[in-house]
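Heads up: the structure comes next, in structure tokens.
By convention in this document, chain letters (A, B, ...) are assigned in the order of the sequence lines, proteins followed by strands, and residues within each chain are numbered from 1.
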Amino acid sequence: MDFKQVIADVIAAESGISACDALDWLETPPNPEMGDYAFPCFKLAKQLRKAPHQIAADLEKIIALPAGVEKVIADGPYLNFYLNKARLAEQVLQKVFSEGERYGGSSMGGGRNVCIDYSSVNIAKPFHIGHLRSTVIGHALYRIYEHMGYHCIGINHLGDWGTQFGKMIYAYQTWGCKEDVEREGVAALVKLYVRFHEEAEKDERLNDAARTWFKKIEDGDPEAVALYTWMKELTLREAARVYEMLDIQFDSYAGESFYNDKMDRVVSELQSKRLLNLDQGAQIVDLSAWKMPPCIILRSDGATLYATRDIAAALYRKDTYDFDQCLYVVAYQQDLHFRQWFKVIELMGYSWANRLTHVSFGMVSVNDGTLSTRKGKVIYLIDVLRAAVQKTREIMAEKSPDLADVDAVAAQVGVGAVVWNGLYNGRIKDIVFDWDNVLNFDGETGPYAQYTYARACSVLRKAQPAGAVDYSVLCDAEPSAVVAAIASFPDAVREAMEKNEPYLVSRAVIEICSAFNRFYYEQRIMADEPAVRNARLTLTKAAASVIKTGLNLIGLTAPERM
RNA sequence: GUUUCCGUAGCUCAGCAGGAUAGAGCGUCCGCCUCCUAAGCGGAAGGCCGGGAGUUCGAAUCUCCCCGGGAACGCCA
């Protein structure tokens with residue numbers, strides 16, 4: 001039985017409020033010397049018509065201490081509960097061992113489906129640092145929802161349709177050469193793309209030529225389709241290298257082109273539901289009642305738009321996966337777009353409209369201006385990953401020169417540093433890309449967490465806990481702090497899911513790591529006294545286990561040596 | 001202009017279903033390896049929580065106004 005619940009029950013019994021409220025009001029004191037749980041008595045002041053500190057003092061006298069609660073002390077308006085540290089440690093650590101890598105998870109998802117639309121790379125465009133956040137946030141959410149008992153469908157909604165492919169083919173046919181593209185890959189395509197825009201500035205006719213080429217793709221012209229397919233495969237091969245480094249897989253690559261034949265349904269359904277209005281030649285859904293600009297479904301030339309496509313995709317996903325939730329991990333620039341078409345889904349009468357969530361995040365820019373594919377100004381994600389791995393190799397050459405498996409570990413740590421960087425802060429924050437920051441492995445970083453894990457593993461290689469554990473050994477401040485951090489991990493995971501904020505898991509991992517490192521420094525785990533050693537090894541094993549679980553949840557691996 | 005997000009230490013950020021002295025990391029300065037990985041640990045310095053009103057016993061947290069910054073705003077995605 002959970003201590004927090006037990007305490008809430010006794011407060012409820014003595015104060016007259018419901019156990020539910022009591023549980024709600026209960027908080028964790030700002031510092032450990034003030035106890036493990038605190039009940040602020042302000043809330044009772046009104047109904048009891050007494051001063052809060054008086055209420056606390058009165059409750060202190062009459063409250064019956066539940067088993068495992070050592071004492072209760074009124075401190076001003078607060079009622080502070082002190083748990084028996086040994087029993088708390090026992091309860092928490094046993095839970096970690098019995099649940100193993102499932103610790104912090106639950107079965108609340110009940111196997112229901114969650115679609116997560118993330119990463120969404122563009123064909124023939126660079127996979128750059130701007131894609132990092134969508135990719136790592138989406139992937140982390142995938143892991144977190146799975147941990148909570150959901151079944152996730154990871155969808156890479158490829159940007160694989162549109163007139164830019166006409167431009168690409170025109171540019172390739174005019175200035176390109178096969179060898180360059182085969183050798184340089186997307187970078188060569190980007191050069192052609194940049195050149196196209198430069199030339200098109202001077203000669204408007206290029207745009208017509210591009211449109212013609214795109215029309216050929218649409219009409220199934222063999223040459224055009226072959227080139228289009230070639231570029232698509234080439235881009236995906238390159239992206240696959242990044243995904244491989246990140247250890248990310250997708251369950252579906254159904255992108256824009258996939259929905260080409262699924263948009264008639266959207267138009268006819270909107271028509272039959274009388275939601276479509278002709279305005280300035282375009283077919284729109286009026287959203288002025290919700291203070292939004294109209295959602296354009298068909299252009300005046302009859303072509304579809306991305307809102308049409310997103311609606312088609314949502315309908316398809318609902319039919320195909322019957323999702324409980326569908327998340328779109330897309331930058332906040334598209335806030336309005338999502339609000340608009342979510343509203344259209346709602347107006348269409350679909351009750352699941354409120355199951356669509358735009359998981360938005362801030363922009364990525366560079367110190368010296370904005371990124372622009374058109375101007376050829378990009379930082380490729382793979383270059384960042386490789387630089388981080390290289391940096392790790394250098395550090396390892398210095399710090400652990402005789403480690404076997406250098407390449408594998410360097411990859412784990414280097415990539416971990418980059419991934420962590422995208423998951424350490426709240427999603428809404430804009431990020432200014434900074435090499436120094438990405439390549440910093442000190443302090444609260446991925447490598448720090450991985451290092452902590454490796455340290456713990458190192459101790460556990462010397463000895464494993466065995467037999468009965470004397471939990472009273474773990475009552476000092478340092479081990480208690482580790483226990484407390486481990487104990488609060490499950491709440492962090494649940495909140496991370498509820499808010500779609502993976503950084504809450506990152507922070508929870510850091511809590512455990514810094515508590516563990518302090519413990520490691522202050523107390524000798526391999527103590528001479530067997531009982532002491534055994535208890536500390538037990539704590540070490542639990543901490544390592546939860547750190548690993550936490551890292552895995554946000555998409556990092558945990559090497560046992562580094 | 002309208003809508004929306006953001007503004008906390010030199011820098012990057014936590015804290016924001018209101019509560020006990022506002023926390024980390026980086027950077028700076030000072031300490032700690034004859035003992036389990038120093039990618040570590042400790043300490044110091046550094047804050048009218050953008051400004052002003054209001055609600056409240058109590059506001060970094062809620063409301064309104066102002067200032068500063070980002071983003072979006074009909075046929076691109």
Ranking A:Leu79 and A:Asn425 by the position along RNA chain B of their nearest nucleotide, the one closer to 5' is A:Asn425
The residue, A:Thr304 or A:Tyr332, whose nearest nucleotide of RNA chain B is more 5′ is A:Tyr332
- Under 6.0 Å from the six-membered ring centre of A:Tyr316 and within 45° of its axis: does the NZ or CZ of A:Lys262 meet both? yes
Syn-anti status, with the boundary at 90° from 0, for the nucleotide B:C49 |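 B:C49: anti glycosidic orientation.
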chi for B:A20 classified (syn = within 90 degrees of 0, anti otherwise) as anti
Just call it for [X]: base, sugar-phosphate, or nothing, with non-hydrogen atoms closer than 4.0 Å on any strand.
X	answer
A:Ile431	nothing
A:Asp279	base
A:Lys43	base
A:Gly362	nothing
A:Asn80	base
A:Gln164	nothing
A:Glu256	sugar-phosphate
A:Ala38	base

Find the distance [X]:[atom1] to [N]:[atom2] and express it as a whole number of Å.
X	N	atom1	atom2	answer
A:Arg507	B:G23	CZ	C1'	10 Å
A:Lys429	B:A71	NZ	P	16 Å
A:Glu511	B:G15	CD	C1'	12 Å
A:Glu495	B:A14	CD	C1'	12 Å
A:Asp430	B:G7	CG	C1'	12 Å
A:Asn277	B:G74	CG	C1'	13 Å
A:Ile428	B:C6	CD1	P	7 Å
A:Asn122	B:C76	CG	C1'	12 Å

- Query: Can you list the residues that meet the salt bridge (charged side-chain N to carboxylate O under 4.0 Å, His left out) rule with A:Asp58, with sequence neighbours excluded?
  - Reply: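 Scan of A:Asp58 (salt bridge (charged side-chain N to carboxylate O under 4.0 Å, His left out), adjacent residues dropped) gives A:Lys50.
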Sequence neighbours excluded, the answer for salt bridge (charged side-chain N to carboxylate O under 4.0 Å, His left out) partners of A:Lys232 is A:Asp160
Taking only residues two or more places apart in sequence or in another chain, which ones pass ring pair (Phe, Tyr, Trp, His ring centres under 6.0 Å) with [X]?
X	answer
A:Tyr82	none
A:Phe81	none
A:Tyr37	none

Sequence neighbours excluded, the answer for side-chain hydrogen bond (donor to acceptor under 3.5 Å, both in side chains) partners of A:Tyr503 is none
If you measure from the [atom1] atom in [N] to the same atom in [M], how many Å do you get, rounded?
N	M	atom1	result
B:G47	B:A38	C1'	31 Å
B:G18	B:U12	C1'	27 Å
B:C65	B:G27	P	42 Å
B:U8	B:C76	P	39 Å
B:G50	B:G7	C1'	6 Å
B:C30	B:G46	C1'	15 Å
B:C67	B:A53	C1'	15 Å
B:C36	B:G31	P	23 Å

Under 3.5 Å side-chain donor-acceptor pair for [X] and [Y]:
X	Y	result
A:Asp117	A:Ser120	yes
A:Asp310	A:Tyr328	no
A:Asp476	A:Gln523	yes

Rounded to the nearest 0.5 angstrom, the CG-CD1 distance for A:Leu79 and A:Ile7 is 9.5 Å
Protein heavy-atom contacts under 4.0 Å, written 5' to 3' over nucleotides 35-42 of chain B as B (base), S (sugar-phosphate only) or - (none), form the string SBBSBBSS
Margin query: Checking A:Ser488 now: which residues fulfil side chain to side chain contact (heavy atoms under 4.5 Å, CB included) with it, not counting sequence neighbours?
Written below: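 Partners of A:Ser488 under the side chain to side chain contact (heavy atoms under 4.5 Å, CB included) test: none.
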Among residues 21-37 of chain A, which residues get a heavy atom nearer than 4.0 Å to RNA chain B?
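Residues of residues 21-37 of chain A that come under 4.0 Å of RNA chain B are, in numerical order, A:Pro29, A:Pro30, A:Asn31, A:Met34.
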Heavy-atom donor-acceptor pair, A:Asn440 side-chain to B:G25 base, under 3.5 Å: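 Result: no qualifying N/O pair found.
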Ranking B:C73, B:A71, B:G74 by distance to the side chain of A:Ala282, first place goes to B:G74
Contacts satisfying ring pair (Phe, Tyr, Trp, His ring centres under 6.0 Å) that involve residues 506-536 of chain A (not counting sequence neighbours) are A:Phe516-A:Phe519
#### Entry: All pairs passing ring pair (Phe, Tyr, Trp, His ring centres under 6.0 Å) where residues 281-310 of chain A contributes a residue, at least two apart
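Found A:Tyr306-A:His337.
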Taking Watson-Crick and G-U wobble contacts under 3.5 angstrom, with | marking pairs to another strand and [ ] crossing pairs, the secondary structure of RNA chain B is written (((((((..((((.....[...)))).(((((.......))))).....(((((..]....))))))))))))....
Legend entry - B:A72 phosphate, OP1 or OP2, under 4.0 Å from A:Gln333 side-chain N/O: yes
